[in-house]
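What follows is a single structure, written as structure tokens, with notes after it.
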Amino acid sequence: MKLVVPLILLFSSFFITSAHAEVNYQIDLTSPKHHLAQVVVTFPSSSSKELTVNLPVWRTGKYQVLPLADSVRNFTAKDEQGKDLAWRRSASGEWLVSLQKPTSVTITYQLYANKLGQRVSHIDASHAYLDASGVFVYSPEFRQQPVDVSLKVPADWNSYSGMNRGEGQHQFVAANYDVLVDSPIETGVSTHRQFSADGRDYELVIWGEGNYDVDKMVADLTKLSGQAKAIWDGYPFERYVYMVHATSGAGGATEHLNSTVIQRPRFKYRTRQDYLGFISTASHEFIHTWNVKAYRPQGLVPYDYQHESITELLWMAEGSTSYFQGQLLLRAGVMTPKEFLEDLAKRIERNKMTPGREVQSVAQASAGSWVSTGGDYARNHSANIYSEGYLASLALDFSVLKDTKLKRSYRDVHQQLFQHYRIPVGYSVNDVQQILKQLTGKDYQSWWQHHVNQPLILDFETVLAQAGLVQSYGKDSKAVAFAGMELAGDSLRLGHVLRDGPAWNAGIVADDELVAINDLQVSAKGFEERIKDFKPGDTIKVTLFSDQRLKQVSLTLAEKQSGKLTLKAVDKPSKAQKAFFKAWLGIDWPFDNDGKLNSKNDSN
């Protein structure tokens, strides 16, 4: 505690304080060995008897309460004369500072930053990634005041953010805390490129070594960034920053106000499949700059950083973003028609293997996302705002296309949301339904009740036929045995047991560990092949450990189609089907007269 005053004096010697800023943030990153930093925050003079100081309990883009304040230690508060102010902890992310008279307040604390995979904060010898939600405290009293952030960093580091720069390379300014919390900072040793697309400036910042091709990334991000006009008639930003972390294993991505952070293992860029994973994620996060950051459901406006914010429309925020991500890449020529249809086929097949789609609606999944934990239970009893949200968006798009005779699409819904429901206005279910009525001339309340408020059960054959597509498992496909259980990785422990499947009905549960089938030992690598030795309808004896007890059960195998689901052209597609396809995806019919994808579209 005795070191606090010297620390403040030391900080004041190397930080430049912007005269116009009302709230000043200073962070020292020069001793990163143990993921530690020192933070000083100065709030303007307050006449309140008590100043509330908060650190968010969740970060934007991840709808889950997190223990972010556990990273704070050595919290102190001082008045404008440097005298200690009494304070008390009132909640997990809240401190109350007692004020005897009007005074500015300086808060200091130690920050532990080792949450790379959560995309909250990470500090090491090569960089620091700072998302304000897990780094910088705020006071509700001064939430709307201008802020500046000054970084003390090693000499060879460079700093980047979607925020505007202040007076130096390592200083940023923002209109308020809401901008700060949605504008992460990447500082350290990195690769940096600049490019332009459709009149906007972009930056690519890559931290970490890996097998990525920077030139290809820039080329494809340029193509992608120029495709926003396919949905929206304007931009919510002048400059956008793609931040990429090539990691030792952490993966994921988060959207922000005019930037994104994308994390992938460092050697997950070279193969076409890996690269598609990267560029699809980039497309997803880029789309979020409109859908979520420029406009979002009422339940999320304004952000309440200290509590959950419930809405039944997260499926539109996330699932619709997933739905559009491949379309922009397809229009940009970054993804081929074959790759797009393969991705759609995987989503359909995954939906068919998700029993939870019959239990929970996308509206219910949206409202319950804050407590959703994933895993076996979720797959059997829950819908997913991303995957089922994607398919609900597909169904809505096809309905709008049909009802308007291809004159309007789901893209127009999002264009209307962008035009009329920009932040700080949020949109409601009724607002979306009114937009649909204006576009189509039809009342969508019944459609909404059937597809959104109730579990989404789609007749994919009928839906896809409108665009001239048909599902296929290949001409050599046949009915094969199906046990309804899946291993967890490379072990014999069961990760999933599908509800109402053969294993489920036999009393087998997730986390049981397989030992033998028909008294013969089974291996993890050989499990799927062993099941193929039997026919649908056969009864097999399964030996396993359940709660560390050895037991045997009998199960009767069901059937599934062999091969991989693909989407092909229907026989003799009509002009109407080809027109529907083009109105849907914005590209010409990609199949030749034999129903095969044109060779020029087969690879990229």
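Note that the structure is a prediction, hence the values are computed from the model and not measured. Throughout, numbering of the chain's residues begins at 1 and tracks the sequence. Computation of the quantities below employed the complete heavy-atom set of this structure, encompassing side-chain atoms and omitting hydrogens, waters and symmetry-equivalent molecules.
Expressed to the nearest 0.5 Å, how far CZ of Arg296 lies from OH of Tyr427 amounts to 10.5 Å.
For Ser71, the side-chain hydrogen bond (donor to acceptor under 3.5 Å, both in side chains) partners are Lys115, not counting sequence neighbours. In this structure, the ring pair (Phe, Tyr, Trp, His ring centres under 6.0 Å) partners of Phe195, at least two apart in sequence or on a different chain, are Tyr202. Not counting sequence neighbours, the partners of His381 by the ring pair (Phe, Tyr, Trp, His ring centres under 6.0 Å) test are Tyr377. Listed by chain and residue number, Trp58 satisfy the ring pair (Phe, Tyr, Trp, His ring centres under 6.0 Å) test with Tyr303 (two or more places apart in sequence, or in another chain). When the side-chain hydrogen bond (donor to acceptor under 3.5 Å, both in side chains) test is applied to Glu141, the partners found at least two apart in sequence or on another chain are Ser46, Ser48. For Tyr242, the ring pair (Phe, Tyr, Trp, His ring centres under 6.0 Å) partners are Tyr240, not counting sequence neighbours.
Atom CG of Asp490 is surrounded by 12 or fewer heavy atoms from other residues, nucleotides or ligands within 6.0 Å. Counted within 6.0 Å of CD on Glu209, heavy atoms from surrounding residues, nucleotides or ligands total 12 or fewer; the atom is thus considered open. Applying the 6.0 Å contact sphere to CD of Gln81 captures more than 12 heavy atoms from other residues, nucleotides or ligands.
Of the candidates Val23, Asn54, Val39, Leu55, Val137 forms a side-chain contact (heavy atoms from CB on, under 4.5 Å) with just one, namely Leu55. If you run ring pair (Phe, Tyr, Trp, His ring centres under 6.0 Å) between Trp290 and each of Tyr295, Tyr235, Tyr421, only Tyr235 comes through.
Checked by atom type, the side-chain pair Thr254/Arg59 shows a donor-acceptor distance below 3.5 Å. With hydrogens and angles left out, the side-chain atoms of His496 and Glu486 include no donor and acceptor closer than 3.5 Å. Side-chain atoms of Gln194 and Asp201 form no donor-acceptor pair, as typed in the model, at a separation below 3.5 Å. Donor-acceptor pairing under 3.5 Å is lacking for the side chains of Glu285 and His256. Counted by atom type alone, Gln144 and Asp178 present one or more donor-acceptor pairs between their side chains at under 3.5 Å. For the residue pair Asp28/Thr30, the side-chain donor-acceptor check at 3.5 Å is satisfied. A donor-acceptor pair shorter than 3.5 Å cannot be found between the side chains of Thr354 and Asn351.
With hydrogens and angles disregarded, no donor-acceptor distance shorter than 3.5 Å links the side chain of His192 to the backbone of Val205. Remark: side-chain polar atoms of Asn380 are paired, donor with acceptor, to backbone N or O of Val497 under 3.5 angstrom. A donor-acceptor contact shorter than 3.5 Å links the side chain of Ser366 to the backbone of Val362.
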List the steps, then state whether side chain to side chain contact (heavy atoms under 4.5 Å, CB included) holds for Glu186 with Val261.
CA-CA 9 Å; Glu186 172 63 36; Val261 56; over 6 Å; no
Side chain to side chain donor-acceptor pair (under 3.5 Å) between Asp131 and Ser133, worked out:
CA-CA 5 Å; Asp131 181 312; Ser133 61; 2.6 Å; yes
Apply side chain to side chain contact (heavy atoms under 4.5 Å, CB included) to the pair Asn158 and Tyr160, showing each step before the final yes or no.
CA-CA 7 Å; Asn158 292 303; Tyr160 305 97; 3.6 Å; yes
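Minimum heavy-atom separation, Gly251 to Arg119: O-NH1, 3.4 Å. Annotation for Leu85 and Ser98: closest pair CD2-O, 3.7 Å, computed over non-hydrogen atoms.
Under the 4.0 Å criterion applied to side-chain N and carboxylate O atoms, Arg73 and Asp70 are assigned as salt-bridge partners.
Note on ring orientation: taking the six-membered ring where Trp is involved, the planes of His245 and Tyr129 are perpendicular (angle over 60°, cut-offs 30° and 60°).
Cation-pi geometry between Arg264 and Phe278 is not satisfied (NZ or CZ under 6.0 Å from the ring centre, within 45° of the ring normal).
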